[in-house]
Amino acid sequence: MSEVDKVGAGGPRRITLLIRHAYVITMDDDQRIFADGAIAIDGGRIVDVGDDAALAPRYVAARAIDAKGAPAHPGFIECHLHASFQLFRGALPDQLAETDAFDSFESLFFNTVNDEEEYLAVALAAMEMIRNGTTCFLEAGTVLEPAAAARAAEEIGIRAVLADPFIWDQPQGFAQGMVAAGCGACAAEARVRPTLARAPQTRDEALALMGRELRRNRDPDALVTGHVAILGLGTASEALMMEAKARADAAGVVLNLHQSYSPADTAADRQRFGKDPLLHLAEIGFLDRNITFGHANHLTDAECDVLLERGASIAWAPAASMMWGHGGCCHGRHAELWRRGANIALGSDSANWSNDFDLWRQASLAVLTAREAHGDRAYLVAEDGLRMATRAGARAAGLADRIGSIEVGKRADIVIHTLERPEMIPTTNMIRNLVYASRSKSVRTVIVDGRIVLEDGAFVTVDERTMLAGINEAAKGLFARMGRTVEPNSLARPTRPR
Ligand SMILES: [Zn+2]
């Protein structure tokens with residue numbers, strides 16, 4: 001009697017995919033690791049996980065992958081990402097003032113970009129994330145045409161949680177990049193920010209748009225789902241914030257917004273609320289478990305206490321803080337809050353803010369900068385970075401019941417590395433090798449919702465080489481229409497020979 005003949009007669013169960021001989025880092029509540037492990041997947045779900053020798057005989061799989069001893073872990077979950085700026089990655093000179101980034105680049109981009117270019121930008125972001133072991137992203141609500149983002153995510157095969165774009169009702173309150181010296185709010189009032197032609201201009205327009213992406217959640221198997229986002233950074237009235245909260249509550253999704261990003265926008269919020277921003281947001285009933293703040297780099301002691309008490313999440317974007325010198329890593333409270341039990345996820349932000357969508361890099365930076373800031377080698381350990389990128393990310397994206405760990409019943413979003421990288425050798429401790437040495441370099445095969453998206457380092461879903469060449473051409477065309485050229489950094493001249 002063959003193996004297949006036994007199926008259905010009390011013999012092995014038929015499944016779609018079996019991963020064998022993996023060092024399985026489950027990220028479950030017991031933090032189980034199976035050194036010679038196997039994962040059984042049927043359709044989009046994990047149906048079994050355990051020791052290979054015990055598990056493998058119970059299944060007959062349509063496809064099998066032999067991990068050859070390499071680590072497998074839950075796909076990473078990116079929780080602060082602007083998916084559509086990728087077409088001008090690298091365009092901003094290092095000396096550009098932050099205010100000018102929006103006023104002279106981003107606003108021009110949003111007033112020029114078309115739907116096809118947004119599709120290509122999100123496809124580029126998605127390919128980069130998959131290659132780096134990220135299988136899901138929470139978009140920050142800045143893709144003008146979410147249908148273009150959804151099409152890109154579905155074609156590449158990445159899980160996406162989208163929102164309606166630019167939900168704001170006081171765009172002139174945008175305090176990002178304003179000089180915080182003296183009074184940030186006064187500075188914000190003094191400068192007229194460019195308008196975005198396709199973004200809402202009034203509260204009524206914002207309310208008419210808000211929540212449209214939630215229709216995606218009617219399909220329980222949808223790869224692309226919806227949440228509610230508002231931009232934040234001083235651009236939302238309290239009335240709009242509370243309506244967004246009500247709609248997120250009613251839909252059972254997270255409400256995602258920028259908060260306390262820079263000293264300037266934190267100062268502007270403190271001015272308008274008359275107290276620490278998070279204290280005010282707690283008082284009005286906004287601060288809650290389903291709130292996910294992007295950045296939150298500048299919090300007071302009292303704000304840390306109230307954030308912990310209310311159970312809100314933060315998407316910490318270490319590289320974005322470091323790139324723009326905002327002190328989020330020197331003075332940010334993320335690592336301290338994490339040690340006290342807060343839900344701290346990770347984010348890459350955007351092109352020109354961190355310039356790469358690689359949560360392995362963010363996890364590594366989070367662990368190392370926390371140690372540096374606190375002068376304590378043990379302040380965060382490698383496993384903290386892994387947990388922020390998986391379990392904490394799943395909760396911050398509102399998907400804790402679906403993804404974030406390799407457990408029976410969860411969606412099969414799994415990353416398999418290779419040991420055929422110098423950084424993974426010797427195989428002393430897989431987790432320390434991953435976090436400190438190889439990071440995303442050893443990502444080899446990526447599975448999303450049970451579907452192999454990247455196999456042995458090659459995309460299954462798209463012709464990557466053709467896509468990249470086309471995206472590069474499209475970026476040149478967009479820049480020409482924007483009327484911009486890319487300037488090199490101006491190099492400071494030493495006054496005497498070094
Ligand atoms: Zn952002």
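The figures that follow rest on heavy atoms only: side chains count, while hydrogens, waters and symmetry mates do not. Whatever order the structure lists ligands and atoms in, that order sets their numbers, starting from 1.
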(Q) Under the rule for salt bridge (charged side-chain N to carboxylate O under 4.0 Å, His left out), what residues qualify as partners of Glu238, not counting sequence neighbours? (A) none
Q.
Only to 10 degrees, please: what angle do the NE2 atom of His80 and the NE2 atom of His82 make about the Zn ion (ligand 1)?
A. 110°
Q.
Suppose we screen for side-chain contact (heavy atoms from CB on, under 4.5 Å). Which residues come up paired with Arg216, at least two apart in sequence or across chains?
A. Ala150, Leu162, Glu213, Val224
Q: With side chain to side chain donor-acceptor pair (under 3.5 Å) as the test, would you mind laying out the steps for Asp384 and Trp338 before giving the verdict?
A: CA-CA 9 Å; Asp384 289 314; Trp338 173 257; 3.0 Å; yes
Q: Using only N, O or S atoms, tell me which atom of His258 is closest to the Zn ion (ligand 1).
A: NE2
Q: Please work out whether the ring planes of Phe88 and Phe109 are parallel, tilted or perpendicular, with thresholds of 30° and 60°.
A: tilted
Q: Check all N, O or S atoms of Asp349 and name the one closest to the Zn ion (ligand 1).
A: OD1
